[in-house]
Amino acid sequence: MSTGLSNPSIILKGQKQSGEIVVVDDYREAYWWLRDNTPEDSRIMAWWDYGYQITAIANRTTIADGNTWNHEHIALLGKILTTDEEEGYEIARHLADYVLVWGGGG
């Protein structure tokens, strides 16, 4: 476990029950999509963990990243991403042009 945590990557390798190795490239693909399909001055909202990656790989401005010290700003971002859609939209539309949300399998 420590090796995986000390070598973070946006491209992951997994193994199916059949033993087949698969490459999960969703993060890089999403960042490249933002880079290639949004205006250069776009503001991207995502949970703060992804801010640096959006800036570096997609070359877009983010609403928050790992260096956002304003606790009220982070709290507002959290509210937008966890409240009901209508309320979240009413707040987010003043801050961002695009929202990046990751969904996991199950």
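Atom set for the values below is all heavy atoms of this structure, side chains included, hydrogens, waters and symmetry mates excluded. Since this is a predicted model, take the numbers as computed values, not measurements.
In terms of the side-chain hydrogen bond (donor to acceptor under 3.5 Å, both in side chains) criterion, Y98 has no residue partners (sequence neighbours excluded). The salt bridge (Lys or Arg N to Asp or Glu O under 4.0 Å) check on E29 picks up nothing, with sequence neighbours excluded. Taking the side-chain hydrogen bond (donor to acceptor under 3.5 Å, both in side chains) definition, one finds that N59 meets it with nothing, sequence neighbours left out. Scanning for side-chain hydrogen bond (donor to acceptor under 3.5 Å, both in side chains) contacts around D25 gives R28, with sequence neighbours left out.
Within the model, atoms CG of L77 and CG of N70 stand 11.0 Å from one another, a figure rounded to the nearest 0.5 Å. Atoms CD1 and CG, on I54 and L34 in that order, are 6.5 Å from each other to the nearest 0.5 Å.
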Return all side-chain donor-acceptor pairs below 3.5 angstrom for residues 44-52, not counting sequence neighbours, or 'none' if the list is empty.
{"unit_1": "W47", "atom_1": "NE1", "unit_2": "D49", "atom_2": "OD1", "d": "2.9"}
{"unit_1": "Y52", "atom_1": "OH", "unit_2": "N67", "atom_2": "N", "d": "3.2"}

Listed pairs under 3.5 Å, donor-acceptor, residues 16-23 side chains, sequence neighbours left out:
{"unit_1": "K16", "atom_1": "NZ", "unit_2": "E20", "atom_2": "OE1", "d": "3.4"}
{"unit_1": "S18", "atom_1": "OG", "unit_2": "E20", "atom_2": "N", "d": "3.4"}

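Under the 3.5 Å distance criterion, with hydrogens and angles disregarded, no donor-acceptor pair is assigned to the side chains of Q53 and Y27.
Residue pairs meeting the salt bridge (charged side-chain N to carboxylate O under 4.0 Å, His left out) criterion with at least one member in residues 55-83, sequence neighbours excluded, are K79-E87. Residue pairs meeting the salt bridge (charged side-chain N to carboxylate O under 4.0 Å, His left out) criterion with at least one member in residues 31-42: none, sequence neighbours excluded.
Considering every non-hydrogen atom in both G88 and T83, the closest pair reads N-CG2, 3.4 Å.
Within a 6.0 Å radius of CD in Q15, other residues, nucleotides and ligands contribute more than 12 heavy atoms.
The hydrophobic cluster containing I80 does not contain Y89, counting ILVMFWY residues as joined when their side-chain heavy atoms lie under 4.5 angstrom apart, directly or transitively.
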side-chain contact (heavy atoms from CB on, under 4.5 Å), that's the test. Do V99 and L81 meet it? Break it down for me.
CA-CA 9 Å; V99 178; L81 294 173; 4.2 Å; yes

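Considering only heavy atoms from C-beta on, I91 comes within 4.5 Å of L76 through its side chain.
Within the 3.5 Å criterion, the main-chain N or O of I11 finds a donor-acceptor partner in the side chain of S9. The backbone N or O of R43 lies less than 3.5 Å from a partner atom in the side chain of D97, making a donor-acceptor pair.
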